[in-house]
Novice: 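Please find one structure pasted underneath; my questions will follow.
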Number of protein chains: 2
Amino acid sequence: MHVRESHVRESQVRENEANRPDAGGSASPRRPTQAERRARTRNALLESAARGLSRYGYGNLVLEQVAREAGYTRGALYHQFKDKQDLTLAVSEWVMATWDEEVGQLVAQEQDPAAALLALARGHAVYCRRDIARVAIALRLEFSGQDHPVGREVEKGYQSLIERCAGLIGAGREAGSIPDGPPARAVALAFVGAVEGTSIALSGQAPHDESLVAGAAAGALGLPTHTDIQGRTA
Amino acid sequence: MHVRESHVRESQVRENEANRPDAGGSASPRRPTQAERRARTRNALLESAARGLSRYGYGNLVLEQVAREAGYTRGALYHQFKDKQDLTLAVSEWVMATWDEEVGQLVAQEQDPAAALLALARGHAVYCRRDIARVAIALRLEFSGQDHPVGREVEKGYQSLIERCAGLIGAGREAGSIPDGPPARAVALAFVGAVEGTSIALSGQAPHDESLVAGAAAGALGLPTHTDIQGRTA
DNA sequence: TCTCGTACATGCATGAATGTATGTTACTCG
DNA sequence: CGAGTAACATACATTCATGCATGTACGAGA
């Protein structure tokens, strides 16, 4: 009666599709193991949720749509995540980890603090080209001033970023590569705000995003712009 | 039974309070006229809704809380506004009008395009010191890519701001006060993004907000920073 | 091949928020 | 000063997303 099997075929098709290339391989098993299957759907759900959060925010996010876009139903979602909040927390961690791998690395490679901050700006601009760019800022806007666990988590990451930037600014000032000005913490706030604001405004925009974000970031730091030092486009 | 009159007294008190100074006046009537009363509550509801939208966004905005914070109930709200969407649209118009009076004026007074843009940045920073700073960006983030009427309205205002800035950038480049660079429209996006991002990050922050926002804005435009003018280049 | 645990789907109950209908008080005008 | 209407409050119906409980198919080990 209610035993329709279409959904079963669908998921079968999905996994077969993903597995067919392995048919002749030797490293991975022909049929997906349970752990693989679980990880696969978990990843799909996380990605879908990240897109949704980036577009609609937490409150407007409808879990059925998240699951559907990932190719599942809410059942799968509630099997992998405790509830909406847990899912969002997982997305937040996932996004931050991705950011750290992609942008944090760039920053760590630079020696000069000013160069590190500009690398952060450029890296963030590139990072924001994808469709999950707004996750962080959307969640922070939505939960700012609240006492929600998600808000706390996001705010924690944000504060740690601010600290990191403030530290770099202080170091840059001591090294002489960043001019004096307002308190380092206030400058760090401005720097991050400028980077985030421009990155979002320019996301998906041309190839100009990098240099423009870097320019705004440099302005917030009080650095001379590249137009002053003719021909210098790092 | 359900005829409690406490709420009636409350509203009476509220209006008497606001009217007492007029007791000896001659210009305005001693007792508030209907239109005055209506305008008063409408304004209170608008202000409350603006705060709510700025804090929680559209989706998380609870109309009962809006009404309660304004000193009324949802009944008053639904008497003055057709529905939630209508209220939000009214808030949007109200905020934009306020912005234009406060910031737009500053911009119009400046002769040089570059000076006008920097005046916009500083003016916006000051404008964002109040608690309704985030209304515009919150709504735009929440409805970006949607087909919601509120989103269209907000996006319209945003695009018109972008156009205005792009025009100023073009003029500034012809006048020589703004260096060449990426397409004017892209720079305008970066400029507005930088201004909004820094203004929000620094809202309520110290007296440094103005100069820091101006710095980021100048950076996005490719202008030399004031530290260069002071001769403090590294 | 049989059985058990896991991955997932489906159906239902709950709660919260919206919108509307109805009732009550305050102002206005004859 | 009395009728009529506007400004509100209150009570109710509807909608809808969440969370959970139940049901079914798949994978792993004996």
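A quick note: this is a predicted structure, and the numbers were derived from the prediction, not measured. A, B, ... follow the sequence lines: proteins, then strands. Residue 1 opens every chain.
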Novice: For R38(A), enumerate each residue passing the side chain to side chain donor-acceptor pair (under 3.5 Å) test, keeping only those at least two apart in sequence or located in another chain.
Specialist: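 R38(A) satisfies side chain to side chain donor-acceptor pair (under 3.5 Å) with no other residue.
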Novice: Starting the side chain at C-beta, find the nucleotide from dA7(C), dT18(D), dA9(C) nearest to R38(A).
Specialist: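 The answer is dA7(C).
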Novice: I'd like to check L63(A) versus L87(A) (side-chain heavy atoms, cut-off strictly below 4.5 Å). Are they in contact?
Specialist: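 Counting from C-beta outward, L63(A) and L87(A) do come under 4.5 Å.
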Novice: What's the CG-C1' distance between L77(A) and dC8(C), to the nearest Å?
Specialist: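 Between C1' of dC8(C) and CG of L77(A): 11 Å.
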Novice: Considering only residues two or more places apart or on different chains, which pairs with a residue in residues 126-136 of chain B satisfy side-chain hydrogen bond (donor to acceptor under 3.5 Å, both in side chains)?
Specialist: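 Applying side-chain hydrogen bond (donor to acceptor under 3.5 Å, both in side chains) to every pair that reaches into residues 126-136 of chain B, excluding sequence neighbours, yields S144(A)-R134(B), E102(B)-R130(B), R129(B)-D209(B).
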Novice: So, is T41(A) near the phosphate of dC8(C), with a side-chain N or O under 4.0 Å from OP1 or OP2?
Specialist: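 Yes, within the criterion.
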Novice: Which nucleotide in the list dT18(C), dA9(D), dC8(C) gets nearest to the side chain of Y78(B)?
Specialist: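 It is dT18(C).
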Novice: Please classify the nucleic acid contact of R74(A) as base, sugar-phosphate, or nothing, using heavy-atom distances under 4.0 Å.
Specialist: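 Base, at least one base atom sits under 4.0 Å.
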Novice: Regarding E196(A) and R140(A), does a basic nitrogen lie under 4.0 Å from an acidic carboxylate oxygen?
Specialist: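 The answer is yes: the pair qualifies as a salt bridge.
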Novice: Given atom CZ of R68(A) and atom P of dA9(C), what is their separation to the nearest angstrom?
Specialist: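 It works out to 11 Å between those atoms.
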Novice: Sequence neighbours excluded, which residues qualify as ring pair (Phe, Tyr, Trp, His ring centres under 6.0 Å) partners of H148(B)?
Specialist: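 Here the qualifying residues are Y58(B), F143(B).
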Novice: Can R152(B) and E155(B) be counted as an ion pair, charged N to O under 4.0 angstrom?
Specialist: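 No.
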Novice: Please report, rounded to the nearest Å, how far the P atom of dA7(C) is from the CG atom of L45(A).
Specialist: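 Taking CG of L45(A) and P of dA7(C), I get 13 Å after rounding.
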Novice: Going by side-chain contact (heavy atoms from CB on, under 4.5 Å), name the residues that satisfy it together with R42(B), two or more places apart in sequence or in a different chain.
Specialist: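 Partners of R42(B) by the side-chain contact (heavy atoms from CB on, under 4.5 Å) criterion, ordered by chain and then number, come out as L46(B), Q80(B), F81(B), A90(B).
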Novice: It should be established whether Q80(B) places a side-chain nitrogen or oxygen under 4.0 Å from OP1 or OP2 of nucleotide dC8(D).
Specialist: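 Checking dC8(D) against Q80(B), a side-chain N or O does come within under 4.0 Å of OP1 or OP2.
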Novice: Looking at dC8(C), I'd like to know if its phosphate oxygens (OP1 or OP2) sit under 4.0 Å from a side-chain N or O belonging to H79(A).
Specialist: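 So the side chain of H79(A) is outside the cut-off, no N or O lying under 4.0 Å from OP1 or OP2 of dC8(C).
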Novice: Working to the nearest 0.5 Å, report the span between CD of E210(A) and CG of L202(A).
Specialist: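 Output value for this atom pair is 11.5 Å.
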Novice: Show your reasoning for whether side chain to side chain contact (heavy atoms under 4.5 Å, CB included) applies to L161(A) and L120(A).
Specialist: CA-CA 11 Å; L161(A) 176 61; L120(A) 189 154; 4.2 Å; yes
Novice: Give, ordered by number, those residues of residues 81-93 of chain A having at least one heavy-atom distance below 4.0 Å to an atom of DNA chain D; if nothing qualifies, reply none.
Specialist: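 Those residues whose heavy atoms fall under 4.0 Å from DNA chain D, taken from residues 81-93 of chain A in numerical order, are D83(A), K84(A).
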Novice: Which of residues 57-67 of chain B sit near DNA chain C, with a heavy atom under 4.0 Å from it?
Specialist: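 Contacts with DNA chain C under 4.0 Å: L61(B), V62(B), L63(B).
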